[in-house]
Amino acid sequence: MIQQVPLGTQGLVVSRQGLGCMGMSEFYGQGDDAESTATIQRALDLGVTFLDTADMYGPHTNEVLVGKAITGRRDEVQLATKFGNMRDPDDPRKRGVNGRPEYVREAVEGSLKRLGVDHIDLYYQHRVDPDTPIEETVGAMGALVEEGKVRYLGLSEAAPETIRRAHATFPISALQTEYSIWARQPEAEIIPTVRELGIGFVPYSPLGRGFLTGKVRSLDELAEDDFRRYQPRFAGDNLAHNVAIVEKIDAIAKDKGATAAQIALAWVHAQGADMVPIPGTKRRRYLEENAAALEIVLDADDLARLGEAGQAAGDRYADMTPVDR
Ligand SMILES: NC(=O)c1ccc[n+]([C@@H]2O[C@H](COP(=O)([O-])OP(=O)(O)OC[C@H]3O[C@@H](n4cnc5c(N)ncnc54)[C@H](OP(=O)(O)O)[C@@H]3O)[C@@H](O)[C@H]2O)c1
């Protein structure tokens, strides 16, 4: 069984590695609800009990899938969801952000209903709302903790100053931000800030949205509606630059008798016991492979080689607004 570890210093305890459920409903090609459900249930059997979803995934169907899959096993799960990233019903690719206090309350009721639970273990603001002071948003989130609807609070993609202001308003347990071998920007300021404040760090897309596994080397391998087709890291010259990074990870994986996905996850774990990555998959096969990454030990030489693999060319998103700075 996978170990349970503290995430932050507020009392939240989660599995050493989580499961990202987003791709089961959207973004990375067609899902199969039966296999996705089996994947969530297999995760719980393995002790991967920290499940990550958001109201906007689907849109609005991923929480339903996760909620159904954990029926009868709610007590085994640390259930994390997010609010505040708005979808345009006429064009789901368009995004808005809402962190207004009245919306926080409306959003949590929607998530509780879709998940079919009476409380959420970790409730994140998905993106910081530039038009609402963070104190107002987090003040409303803190009220949900006091009412027992939510146990712990998190932020996603917040800048250091926002994290400090939020934490001064109500204790924050976790920050979720993209972090992996090829996306190490959080090392400069974000990770030192959360460590100083006792906030746990949850690296999302630790497999570089699947790219670091070596299974995606050209757009031809992606479905027509796959979100990655439209992202800068998978486009033109960036793709060629980024494939070269994957080749380096692959070479190390071969030397270690592991898969590239396992090396990418082992690298994140090697960055600190206070980090709990949430690799995403909709298949039991990958889930099991990813859970086994916890047994891989990277030595100083492996880490040095991975450290030199290079950083991704291209922005994380085609439209990077709003970015919290
Ligand atoms: N806070 C945010 O703004 C934010 C943004 C993005 C993601 N997230 C969260 O973070 C979670 C993880 O990130 P992510 O899903 O974007 O990216 P990821 O974990 O880096 O990669 C997921 C992709 O990798 C593939 N994969 C997984 N394990 C594999 C293996 N062992 N071998 C080969 N391929 C493998 C999956 O394939 P299959 O789909 O075929 O299984 C999927 O396409 C999400 O599920 C979501 O919950 C949060």
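Order of appearance sets the numbers: ligands from 1, and atoms from 1 within every ligand. Along the sequence shown, residues are numbered consecutively beginning with 1.
- Ring-plane geometry between F201 and Y179 is classed as perpendicular, the angle between the planes exceeding 60 degrees on a 0 to 90 degree scale with a lower cut at 30.
- Near K215, with a cut-off below 4.0 Å to any heavy atom, the atoms of ligand 1 are 32 (N), 33 (C).
- Relative to atom 35 (C) of ligand 1, the option among Y286, Y204, Y57 with the closest non-hydrogen atom is Y286.
- The protein heavy atom nearest to atom 39 (O) of ligand 1 is K282 NZ, 2.7 Å.
- From the protein, the heavy atom lying nearest to atom 47 (O) of ligand 1 is D52 OD2, 2.6 Å.
- In terms of protein heavy atoms, atom 12 (C) of ligand 1 is closest to I278 O, 3.0 Å.
- The existence of a salt bridge linking R87 and E26 is confirmed by a sub-4.0 Å separation between a basic side-chain nitrogen and an acidic carboxylate oxygen.
- For ligand 1, none of its N or O atoms has an N or O atom of A261 under 3.5 Å away.
- For a threshold of 3.5 Å applied to N or O pairs, the pair formed by L207 and ligand 1 contains at least one separation below that value.
- With hydrogens and angles ignored, the 3.5 Å screen pairs a side-chain donor or acceptor of S36 with a backbone N or O of D32.
- Counting heavy atoms only, Q176 comes closest to atom 48 (C) of ligand 1 of the residues R285, M22, Q125, Q176.
- Smallest separation of non-hydrogen atoms from G99 and T132: O-CG2, 3.4 Å.
- With H60 contributing its side chain and D55 its backbone, the two residues share a donor-acceptor pair below 3.5 Å.
- Distances below 4.0 Å separate heavy atoms of P206 from the following atoms of ligand 1: 19 (O), 20 (O).
- At a 4.0 Å cut-off, not a single heavy atom of E178 sits close enough to ligand 1 to count as contact.
- Ligand 1 lies less than 4.0 angstrom from a heavy atom belonging to E289.
- Among F27, Y28, Y124, the residue whose heavy atom lies nearest to atom 14 (P) of ligand 1 is Y28.
- Between E63 and the choices K82, R114, K68, the salt bridge (charged side-chain N to carboxylate O under 4.0 Å, His left out) rule is met once, by R114.
- One finds a salt bridge joining D45 and R73 here, because a Lys/Arg side-chain nitrogen approaches an Asp/Glu carboxylate oxygen to under 4.0 Å.
- Heavy-atom minimum distance, K248 versus A309: NZ-O, 3.3 Å.
- Proximity of E157 to ligand 1, defined as any heavy-atom pair under 4.0 Å, is not found for any part of the residue.
- Residues that satisfy the side chain to side chain contact (heavy atoms under 4.5 Å, CB included) test with R228, not counting sequence neighbours, are Y28, R209, V216, L222, D226, F234.
- Atom 24 (O) of ligand 1 has its closest protein heavy atom at G210 CA, 3.1 Å.
- Inclusion of T53 in the set of residues having an N or O under 3.5 Å from an N or O of ligand 1 is not warranted.
- Within the structure, ligand 1 lacks F211 among the residues with a heavy atom less than 4.0 angstrom away.
- Near H126, with a cut-off below 4.0 Å to any heavy atom, the atoms of ligand 1 are 1 (N), 2 (C), 3 (O).
- Interface atoms of ligand 1 facing P279, defined by a heavy-atom separation under 4.0 Å, are 19 (O).
- Nearest protein heavy-atom neighbour of atom 28 (N) of ligand 1: N290 ND2, 3.0 Å.
- Nearest to atom 41 (O) of ligand 1 among the protein's heavy atoms is T281 OG1, 2.6 Å.
- The closest heavy-atom contact to atom 43 (O) of ligand 1, among the options R127, E26, R284, R228, comes from R228.
- We find that E135 and R165 are joined by a salt bridge, their nearest charged nitrogen and carboxylate oxygen being less than 4.0 Å apart.
- Here Y152 and Y123 keep their ring centres 6.0 angstrom or further from each other.
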List the steps, then state whether salt bridge (Lys or Arg N to Asp or Glu O under 4.0 Å) holds for E288 with R42. CA-CA 8 Å; E288 288 169 5; R42 179 80 183 122; 2.6 Å; yes
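- Around atom 13 (O) of ligand 1, the closest heavy atom drawn from G20, G154, S205, G280 belongs to S205.
- Shown in contact with C21 at under 4.0 Å from a heavy atom are these atoms of ligand 1, numbered in order with element: 45 (O), 47 (O).
- Judged purely by atom type and a 3.5 angstrom limit, N62 has no side-chain atom pairing as donor or acceptor with the backbone of G58.
- Side-chain atoms of H269 never come within 3.5 Å of backbone atoms of V297 as a donor-acceptor pair (strictly under, hydrogens ignored).
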